[in-house]
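For reference, the structure discussed in these notes is given below.
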Amino acid sequence: MGPYEILCGIVAVILAVYYYLTKNFNFWKSRGIRGPKPIPGFGNFKDVMLSNISMGDYFTELYNAYKDEPMIGVFTRTSPHLVVKDPDLIQDILIKDFTVFSHRGVPISENAEPLSQHLFLLEPKRWRPMRINLSPVFTPGKIKDMFSLILECADHLVQYLENIASKNEPVDCCEIAAKYTTDVIGSCAFGIEMNALSNEESEFRRMGRKESTPTWTNILRIRVRQMFPRLYDMLAYAKIIPLTEGTKFFTRVVVETMVYREKNSITRNDFIDMLRELKKHPEKLGDIEVTDSLLASQAFLFFLTGFETSSLTISHAMYELALNQKMQDELREEVDELYAKCGQDLTYDNINKMDYLNKIFRETLRKYPSVPFLMRQAMSNYTFNGTKVSIPKGQRVWIPIYAIQRDPDFYPKPDIFDPERFNEEAVQSRHPMVYQPFGDGPRNCIGSRFAVYQTKLGLIKMLRNYRIETCEKTPISYVNDPRTFLLMPKGGLHLKIVKLNRP
């Protein structure tokens, strides 16, 4: 074969690869949907894939660049995705036409990541019966039953902060909050003393940190899974991609806890007991195979999201209260009024009546939603209400929560932390879909009530006993970590904890 034939072959291969990488790039244009021009091999997410910008920030850039568009067409590598901005269309997706959009559209690799078979990612067939059977754990009555356990962990937090305050040094409030919420989840869901606050070597805190900290190894696994899902699954099946240490640890803990309780006839009516019930009565889940990994996945999700999202919310609230001392003083006054009325007998119901705390909590999640976007996948062909835009079965849809909650049309001066955005009159004036920190519709966050109360109790106990202040290491400009799925601060949030001189 001569040089000319070799050159022609190389050109043919290049053209074939280029065609493969660009063949779908007219997908949105043919449907009348505007969007940025994609790059072969990256689509529109080159900077996200290279960890130069977070998904929340990138969606905000897109959102503002196409301000007047109800939808934006984008591509992840070669796959078309639809970013939906219009609140009415979002309401259709999450609630009215939920049956069409009941899938999150994230592939599960049971070989490589057995603990990915959880409520957040499960396909509708397994998600629906699992959600029905796990929902009773999160009713108001159950949260009231757990309240004393959460309160005990909050008291441990106060004791832990005593040592922190005595050192008079900057501390990362993200780590403090994560230790507290780890103990809460351990006590309420697993019936296990995880001792994250009292023991610096806590295995559960170490595993939680390992699972949530963005390392290049974790990022590489995610990128390979996203770009080559079948190859990723095959490599895992062949054990070329090993199970993570966290997967082995949490599977073992859940299985051993269930076995121990069964042998010793221990009943706590908590999350683990609900999983035991499903294992003894698999018919409750229909024809779904009930495996240890399926059950452990639900506990893993509760642990990971329960400690991580709530600890982020606590951290963000502490950060804003440190920057806004008048708000902190006003909230502390409300806390002191609560103690004056109730003494030390805090209850689920009286915390529910704390109006300013609720505004602080909601504004924190408005400005810093832990999950910056929602994902859905169409289960059938669908035409959006009031438009001529049709999408095929299997089309993935994204809802940019972070960008919507920072839209000045809905929240004037969105970078300003203003709890009064959540007074009754202001809330009634806004479309209900422009505030979605827990999602909405049947597939909203199952543990939202639990998250609310562990967060509020932690803040109450802290503010009752300590002042939160900025320090030389406190970031004045908040920067989102581009390597994480959740909304996290780059470099942590360092603050100073000062003990109050109470009479």
Side-chain angles (χ1 to χ4, degrees), residues 94 98-99 102-104 106 108 110 113-147 149-150 181-182 184-192 211 247 250-251 253-259 261-262 266-310 348 370-371 374-376 437-455:
L94 298 181
F98 171 75
T99 53
S102 57
H103 200 323
R104 288 200 190 273
V106 180
I108 295 173
E110 296 182 20
E113 299 169 3
L115 297 187
S116 64
Q117 306 170 73
H118 50 65
L119 274 178
F120 189 79
L121 298 181
L122 279 177
E123 76 288 348
K125 180 183 177 181
R126 289 189 289 177
W127 166 79
R128 195 177 304 278
M130 187 65 76
R131 171 88 183 207
I132 290 170
N133 280 279
L134 294 183
S135 290
V137 179
F138 300 99
T139 61
K142 283 291 185 182
I143 303 299
K144 286 183 180 180
D145 291 341
M146 296 178 193
F147 193 82
L149 298 175
I150 303 174
T181 53
T182 295
V184 172
I185 295 298
S187 181
C188 295
F190 293 81
I192 296 174
E211 289 294 321
T247 295
F250 283 105
T251 302
V253 167
V254 172
V255 172
E256 287 180 356
T257 302
M258 288 195 293
V259 169
R261 290 191 187 184
E262 198 66 35
I266 296 172
T267 301
R268 287 175 54 96
N269 296 315
D270 58 6
F271 197 81
I272 290 292
D273 279 354
M274 187 65 73
L275 298 181
R276 287 173 59 201
E277 185 70 13
L278 292 177
K279 187 169 186 176
K280 286 191 286 187
H281 301 284
E283 67 276 5
K284 290 186 175 185
L285 295 178
D287 59 354
I288 296 171
E289 182 184 4
V290 180
T291 63
D292 285 342
S293 61
L294 178 66
L295 298 177
S297 294
Q298 314 318 313
F300 174 70
L301 176 69
F302 189 13
F303 172 80
L304 198 62
T305 59
F307 96 76
E308 195 165 24
T309 57
S310 292
Y348 176 96
S370 299
V371 179
L374 303 179
M375 303 171 288
R376 294 293 186 270
F438 294 112
D440 209 330
R443 203 145 188 176
N444 67 346
C445 175
I446 191 173
S448 58
R449 283 195 192 95
F450 184 88
V452 168
Y453 285 94
Q454 72 166 338
T455 300

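The distance from atom CG of L301 to atom CD1 of I446, rounded to the nearest 0.5 Å, is 9.0 Å. Here C188 contributes atom SG and R268 contributes atom CZ; the two are 8.0 Å apart, rounded to the nearest 0.5 Å. D145 contributes atom CG, which lies 8.0 Å from atom OG1 of T139 (distance to the nearest 0.5 angstrom). In this structure, CG on L121 lies 9.5 Å from NE2 on H103, to the nearest 0.5 angstrom. Interatomic distance, CG of L294 versus CD1 of I288, reported as 7.5 Å (0.5 Å rounding). With values rounded to the nearest 0.5 angstrom, S116 atom OG is found 8.5 Å from L122 atom CG.
A cation-pi arrangement is not found for R443 relative to F98, the charged atom failing to lie both closer than 6.0 Å to the ring centre and inside a 45° cone about the ring normal.
Looking only at side-chain heavy atoms (C-beta outward), I185 and Q454 come within less than 4.5 Å of each other. With a 4.5 Å cut-off on side-chain heavy atoms, L149 and V184 do not count as touching. Side-chain atoms of V137 and M146, non-hydrogen and from C-beta on, do get closer than 4.5 Å to each other. Using a 4.5 Å cut-off on side-chain heavy atoms (C-beta onward), Y348 and P140 make contact. The shortest side-chain heavy-atom distance between N133 and R128 does not fall under the 4.5 Å cut-off. Using a 4.5 Å heavy-atom cutoff, the side chains of E113 and T247 are not in contact. In this structure, the side chains of R376 and R104 come closer than 4.5 Å at one or more pairs of heavy atoms. Residues Q298 and M274 have side chains not in contact (no heavy-atom distance under 4.5 Å, counting atoms from C-beta outward).
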Show, in sequence, the C-alpha distance, side-chain angles and deciding distance for L374 and L94, and conclude whether the side chain to side chain contact (heavy atoms under 4.5 Å, CB included) test is met.
CA-CA 10 Å; L374 303 179; L94 298 181; 4.1 Å; yes

TODO: Output, in order, the C-alpha distance, side-chain angles, deciding distance and verdict of side chain to side chain contact (heavy atoms under 4.5 Å, CB included) for L134 and L278.
DONE: CA-CA 9 Å; L134 294 183; L278 292 177; 4.3 Å; yes

### Message
Under the criterion side chain to side chain contact (heavy atoms under 4.5 Å, CB included), I'd like the reasoning laid out for S293 against T251: C-alpha separation, chi angles, the key distance, then a yes or no.
### Response
CA-CA 7 Å; S293 61; T251 302; 5.6 Å; no

Report task. Show your working on side chain to side chain contact (heavy atoms under 4.5 Å, CB included) between D273 and R276 and close with a plain yes or no. Result -> CA-CA 5 Å; D273 279 354; R276 287 173 59 201; 2.8 Å; yes

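Taking all atoms of both residues into account, the shortest heavy-atom contact from P442 to R131 is O-CZ, 3.4 Å. Counting all heavy atoms, side chain and backbone alike, V290 lies closest to P282 at CG2-CB, 3.6 Å. The two residues T181 and S310 have their closest heavy-atom pair at CG2-CB, 3.9 Å. The shortest non-hydrogen separation linking S297 to P114 is OG-O, 2.9 Å. Closest approach of L295 and L275 over heavy atoms only: O-CD1, 3.4 Å. Residues P129 and P124 come closest through the heavy atom pair CD-O, 4.4 Å.
By the 4.0 Å N-to-carboxylate-O rule, K279 lies close enough to D292 to be salt-bridged with it. One finds a salt bridge joining D270 and R261 here, because a Lys/Arg side-chain nitrogen approaches an Asp/Glu carboxylate oxygen to under 4.0 Å.
Side-chain atoms of K142 come within 3.5 Å of backbone atoms of N269 as a donor-acceptor pair (strictly under, hydrogens ignored).
Not counting sequence neighbours, the partners of R126 by the side-chain hydrogen bond (donor to acceptor under 3.5 Å, both in side chains) test are E110, Q117, E123.
The list of ring pair (Phe, Tyr, Trp, His ring centres under 6.0 Å) pairs with a residue in residues 274-305, not counting sequence neighbours, reads F138-F302, F250-F300, F250-F303, F271-F302, F302-F450, F303-F307.
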